[in-house]
J.: 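Got a structure for you, questions after.
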Amino acid sequence: MRTKASGFTLIEIMVVIVILGILASLIVPRIMSRPEEAKIVKARQDIRALESALELYKLDNGIYPTTDQGLMALVKKPASSPVPSNWKSGGYVKDLPMDPWNKPYQYLNPGAHGEIDIFSYGPSGQTSTTGTQSTMIGNWSTAAQ
């Protein structure tokens, strides 16, 4: 008497592969867009942290650093005028972070969007806009998000 061998037929395996392929084609695009979203969230968090450090700088010194002094004024006491009178020993941040696209954060005083602007050019790394949507991420756009 011969027993039937157990296992999967080629057709059963092919059906499973096709189903997995369909699921992957639906799920992968959603997952692949998440890294870019995570980078944007990281940039907003960095900008908020830099803005908080600048607020402390202003509380200690009465003014924000100039555009020329830049964000480096949070790490190292500026030597150029106006030299801060009560600069905190050790600085306001340990070091300046790079944005998630490995570019330095930008700083303007006075800013175009407020008293000070802290921003990243975003994924494009450029000042241009795509259509009507700007790729820049700045302290003017982080409050509501």
Side-chain angles (χ1 to χ4, degrees), residues 6-145:
S6 63
F8 297 105
T9 66
L10 180 60
I11 292 184
E12 291 171 328
I13 293 172
M14 293 300 292
V15 168
V16 170
I17 290 173
V18 168
I19 291 171
L20 290 174
I22 291 169
L23 288 173
S25 69
L26 295 173
I27 294 171
V28 167
R30 291 185 184 149
I31 293 172
M32 296 307 281
S33 69
R34 297 285 186 204
E36 200 60 36
E37 289 176 28
K39 287 180 179 181
I40 291 169
V41 168
K42 169 77 166 88
R44 287 182 179 140
Q45 290 172 339
D46 286 349
I47 288 168
R48 283 188 198 111
L50 290 170
E51 189 172 32
S52 294
L54 284 164
E55 292 297 329
L56 291 173
Y57 181 100
K58 183 179 180 182
L59 282 172
D60 287 349
N61 300 290
I63 57 170
Y64 288 113
T66 65
T67 298
D68 290 338
Q69 291 170 332
L71 293 172
M72 187 53 74
L74 298 173
V75 178
K76 183 179 176 188
K77 184 176 181 178
S80 62
S81 184
V83 176
S85 56
N86 293 320
W87 193 83
K88 178 180 160 190
S89 177
Y92 296 88
V93 295
K94 185 176 179 180
D95 54 11
L96 291 177
M98 297 294 273
D99 75 11
W101 301 276
N102 208 29
K103 304 276 192 254
Y105 285 101
Q106 305 298 308
Y107 170 74
L108 294 174
N109 178 11
H113 298 93
E115 190 173 1
I116 57 168
D117 287 352
I118 310 157
F119 59 97
S120 164
Y121 289 121
S124 71
Q126 301 173 8
T127 60
S128 66
T129 59
T130 48
T132 59
Q133 181 69 28
S134 173
T135 59
M136 289 174 43
I137 302 159
N139 61 325
W140 60 88
S141 64
T142 59
Q145 294 158 9

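What you are looking at is a predicted structure, and each value in this text was computed from that prediction instead of being measured. The basis for the numbers below is simple: all heavy atoms, side chains too, and nothing from hydrogens, waters or symmetry mates.
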J.: CG of Leu50 to CZ of Arg48: how many Å apart, nearest 0.5 Å?
T.: 12.0 Å
J.: Can the ring centres of Trp101 and Tyr121 be said to be less than 6.0 Å apart?
T.: no
J.: State the CG-NZ distance between Asn61 and Lys77, to the nearest 0.5 angstrom.
T.: 8.5 Å
J.: Can you tell me how far apart CD1 (Ile47) and NZ (Lys42) are? Round to the nearest 0.5 Å.
T.: 10.5 Å
J.: If every non-hydrogen atom of Glu51 is compared with every non-hydrogen atom of Asn139, which pair is closest and at what distance?
T.: OE2-ND2, 3.2 Å
J.: Go through the structure and list residues passing side chain to side chain donor-acceptor pair (under 3.5 Å) with Lys58, not counting sequence neighbours.
T.: Glu115
J.: Without swapping roles, check the side chain of Asn109 against the backbone of Ile116 for a donor-acceptor pair under 3.5 Å.
T.: no
J.: So does Ile11 have more than 12 non-hydrogen atoms from other groups sitting under 6.0 Å from CD1?
T.: no
J.: Measuring from atom OH of Tyr57 to atom CG of Leu71, what distance do you get when rounded to the nearest 0.5 angstrom?
T.: 11.0 Å
J.: Nearest 0.5 Å, what's the CE-OH distance between Met98 and Tyr105?
T.: 9.5 Å
J.: How about Asp117 and Gln106: do any of their side-chain heavy atoms sit closer than 4.5 Å?
T.: no
J.: Considering all heavy atoms of both residues, which atom of Pro65 and which atom of Gly70 are nearest to each other, and what is their separation?
T.: CB-O, 3.8 Å
J.: What's the shortest heavy-atom distance between Tyr107 and Thr66, and which atoms?
T.: CE2-O, 3.4 Å
J.: Which heavy-atom pair separates Pro82 from Ile63 by the least distance, and what is that distance?
T.: CG-CD1, 3.4 Å
J.: Side chains of Ser80 and Asp68: does their closest heavy-atom pair fall under 4.5 Å?
T.: no
J.: Do you know which two heavy atoms are closest between Val75 and Lys94, and how far apart they sit?
T.: CG1-O, 3.8 Å
J.: Provide the closest heavy-atom pair for Lys76 versus Trp87 in the form atom of the first, atom of the second, distance.
T.: C-CZ2, 3.5 Å
J.: Would you please classify the geometry between the Phe119 ring and the Trp140 ring as parallel, tilted or perpendicular, with 30° and 60° separating the classes?
T.: tilted
J.: Keeping the roles fixed (side chain from Ser81, backbone from Val83), state whether a donor-acceptor pair exists under 3.5 Å.
T.: no
J.: Just how far is it from atom CG of Asp99 to atom CG of Asp46, taken to the nearest 0.5 Å?
T.: 8.5 Å
